[in-house]
Protein chains: 2
Amino acid sequence: MATVSRVVNNNPNVKPATRKKVYEAIERLGYRPNAVARGLASKKTTTVGVVIPDISNAIFAEVARGIEDIANMYHYNIILCNADKKKDKEIRVINTLLEKQVDGLLFMGGAVTEEHLQAFKTANVPIVLCATSDESGQIPSVDINHEDAAFDAVKKILEQGHTRIAMISGTLQDPSLGYARFQGYKRALESAGISYDESLVRIGNYRYESGADAMNYFIALDKRPTAVFSATDEMAIGAIHSIQDSGLKVPDDISVISVDNSRMASMVRPQLTAVAQPMYDIGAVSMRLLTKLMKKENVEQSKVVLPHEMVMRQSVGGI
Amino acid sequence: MATVSRVVNNNPNVKPATRKKVYEAIERLGYRPNAVARGLASKKTTTVGVVIPDISNAIFAEVARGIEDIANMYHYNIILCNADKKKDKEIRVINTLLEKQVDGLLFMGGAVTEEHLQAFKTANVPIVLCATSDESGQIPSVDINHEDAAFDAVKKILEQGHTRIAMISGTLQDPSLGYARFQGYKRALESAGISYDESLVRIGNYRYESGADAMNYFIALDKRPTAVFSATDEMAIGAIHSIQDSGLKVPDDISVISVDNSRMASMVRPQLTAVAQPMYDIGAVSMRLLTKLMKKENVEQSKVVLPHEMVMRQSVGGI
DNA sequence: CTGTTAGCGCGTTCAC
DNA sequence: GTGAACGCGCTAACAG
């Protein structure tokens, strides 16, 4: 019994001959170790929980792939739960994940509220926030600086001489994609001495159609903007098509820039200029950080901010 | 002890007053049931394994969302494993999933080989194939008829008077997306009395760039095709842009049609005409089927073929 | 190096 | 309606 356990777990204290005999018996009997029993006895499940807003969203799917690849590399499996950035759904899945005795938790969601912190506290496994901001700064996290990314994007259009710059934002309730990117937009305007004009901001829902709707609104304006900053690629592409469908040209009549740089950015004409957010890496790095935490290795940096970069393509032009 | 178990599992044989007391104690002690111990004792984990080719692929991500939603509805969690349609990786994850005592398995992969069947046989939990073909026909499955879908797509262009129709295919080693759709193409040509021309078929890798490359090849042909059938949306969009970048027009000069109808199909100009494959439903229905199998309900139909439909947009025109 | 003995935290009989 | 006892399949000491 115990020797079999040693063989299966690669414990060196087994004579090669014995090991061989055990393997043969395993083969002959078709024995398959029961990971649940092992988990109960060892108090480790080699499974991590991942709560994600929506796996069918290209951005998050890319992060998920990064997570899974690294998890795989360290022999962890992942339990995936969609929570749609809904607080109560998030809390609920965190608890079921914890009941399932995951060895760690990767949280990707909307705002991290007091309730979240409370739920995290009762967990006695490490947790890292992934592509999610954390006001309190107490929980380890991996993300980019969304405000800076937005700032850089808007700065780029400012440098091209634009002064009438609209924004297609996500909901301001969303701390990273919504609020932070909106703040970056405002700060960039401010830094250029341009006063903020409420009529040049529309709130979208990150989807293509909402980007197009917002753009239609801007086009109908008396003094329409000469450039648009979109909080995400998908809304930006909606905006580009809305511009083209109304007979105008990108970037000749209106420039478009966004933050994300998903694969879709080069799958549109003109190709979209965007500030790149390293989705795969965010997933990979956060999972790597989690493995360290689970092994109780000491980490130097528990709040990592990954760099973003500008990817110039064809959707931005001078005034 | 036993009474707590009854309360937690909603066993009716508990006096309301006792039940209340137990709940209070649970609250006070911050007790959290251990699903691993429960799994060991009850031999049920309320967890299903999902092996998927690549979660960062929009098509599969959509299927995954369908799976997760239904799983959630029936209180199952899912363990997600990417296997990239590689046989050995697939076999390996199937085995770890089985070791983890999943209550069922959803398999989405490349070809289902004898080895797969062998691995499935040793599992004593239900398995359903999802968006994957199965030559043997022994394993329950949910998919569309890929050959018919391709046939219908090509038929549509034939009806528009085209006779010189190229195809951008996936690898013929892939039974559903590759081989089946290619067969549908050939059959449609045949039914119209058009002889198959090898020079009008290029093999892509499902990515945008490979679609563009294939199209560039076709455009350079002496007698270039007037219509192109792409095995997937993404390659079709690559083709459209390749056509436009070379100064030609879609559909005036070349028509484009594909199978998939992912959200990207309407995120391109002209919008892509495609045969729609109900990704979300394939996921949802296969998960629903799996729940029935896990509850040992008898299912009338263990091989379900979901309908596909033509979605007309602007990328196909007459000759 | 190998076998023996306790649990791991729960569900499930059984008595009561 | 409730509690005691056993066992799920394995790992972790502990002897030997």
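In what follows, chains carry the letters A, B, and so on, assigned in the order in which the sequence lines appear, proteins first and then strands, with residues in each chain numbered from 1.
Taking CG of A:L80 as the start and CG of B:L80 as the end, the distance is 4.5 Å to the nearest 0.5 Å. Here CD of A:E147 is found 12.0 Å from OG of A:S176. Values are rounded to the nearest 0.5 Å. A distance of 11.5 Å separates CG in B:L293 from OG in B:S286, rounded to the nearest 0.5 Å.
Against DNA chain D, the stretch residues 17-37 of chain B makes heavy-atom approaches under 4.0 Å through B:T18. Against DNA chain D, the stretch residues 94-104 of chain A makes no heavy-atom approach under 4.0 Å.
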Check nucleotides 12-16 of chain D for protein N or O atoms closer than 3.5 Å to its own N or O atoms and list the pairs.
none

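The residue among B:V14 and A:G39 whose nearest nucleotide of DNA chain D lies closer to the 5′ end is B:V14. A residue-by-residue look at B:L40 and A:P12 shows that A:P12 has its nearest nucleotide of DNA chain C further toward the 5' end.
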Got a list of side-chain donor-acceptor pairs under 3.5 Å for residues 277-285 of chain A, not counting sequence neighbours?
| from | atom 1 | to | atom 2 | distance (Å) |
| --- | --- | --- | --- | --- |
| A:Q277 | OE1 | A:R181 | NH2 | 3.3 |
| A:Q277 | NE2 | A:D260 | OD1 | 2.9 |
| A:Y280 | OH | A:D69 | OD2 | 2.6 |

Enumerate, atom names and distances included, each donor-acceptor pair closer than 3.5 Å involving a side-chain atom of residues 28-49 of chain A, sequence neighbours excluded.
| from | atom 1 | to | atom 2 | distance (Å) |
| --- | --- | --- | --- | --- |
| A:R32 | NH1 | B:N95 | OD1 | 2.8 |
| A:R32 | NH2 | B:T122 | O | 3.2 |
| A:R32 | NH2 | B:T122 | OG1 | 2.9 |
| A:N34 | OD1 | A:V36 | N | 2.7 |
| A:N34 | OD1 | A:A37 | N | 3.0 |
| A:S42 | OG | A:R38 | O | 2.8 |
| A:S42 | OG | A:K44 | N | 3.3 |
| A:S42 | OG | A:K44 | O | 3.4 |
| A:T45 | OG1 | A:Q101 | O | 2.8 |
| A:T45 | OG1 | A:D103 | OD1 | 3.3 |
| A:T46 | OG1 | B:K100 | NZ | 3.1 |
| A:T47 | OG1 | A:T45 | O | 2.9 |
| A:T47 | OG1 | B:K100 | NZ | 2.7 |

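Applying the salt bridge (Lys or Arg N to Asp or Glu O under 4.0 Å) rule to pairs touching residues 171-180 of chain B yields B:K85-B:D174, sequence neighbours excluded. Residue pairs meeting the side chain to side chain donor-acceptor pair (under 3.5 Å) criterion with at least one partner in residues 289-306 of chain B, sequence neighbours excluded, are B:R288-B:T291.
For B:Y179, the ring-ring contact (aromatic ring centres under 6.0 Å, His included) criterion is met by no residue, not counting sequence neighbours. Annotation: ring-ring contact (aromatic ring centres under 6.0 Å, His included) contacts of B:F107 (sequence neighbours excluded): B:H116, B:F120. In this structure A:E115 satisfies the side-chain hydrogen bond (donor to acceptor under 3.5 Å, both in side chains) test together with A:K87, sequence neighbours excluded.
Judged by distance alone, with hydrogens and angles left aside, the side-chain atoms of A:N9 form a donor-acceptor pair with the main-chain N or O of A:S5 at under 3.5 Å. The main-chain N or O of B:D84 is never found under 3.5 Å from a side-chain atom of B:D54 such that the two would form a donor-acceptor pair.
Nucleotides of DNA chain C with any atom under 4.0 Å from a heavy atom of chain B span, from 5' to 3', C:dG9 to C:dT13.
Across the helix from C:dC1-D:dG16 to C:dC16-D:dG1, the helix axis at one end is tilted relative to the axis at the other end by 30° (nearest 10 degrees, each axis from five pairs).
Look at CG on B:N13: it is 6 Å from P on D:dG1, rounded to the nearest Å.
Side-chain contact check for B:D143 and B:H146: at least one donor-acceptor pair (N or O, by modelled atom type) lies under 3.5 Å.
In terms of phosphate contacts, B:T3 brings a side-chain nitrogen or oxygen within less than 4.0 Å of OP1 or OP2 of D:dG3.
Residue A:V63 comes nearest to A:C130 through the heavy atom pair CG1-SG, 3.7 Å, listed as atom of the first residue, atom of the second, then distance. Of all the heavy atoms in A:L97 and A:V50, the pair that sits closest is CD2-N, 4.3 Å.
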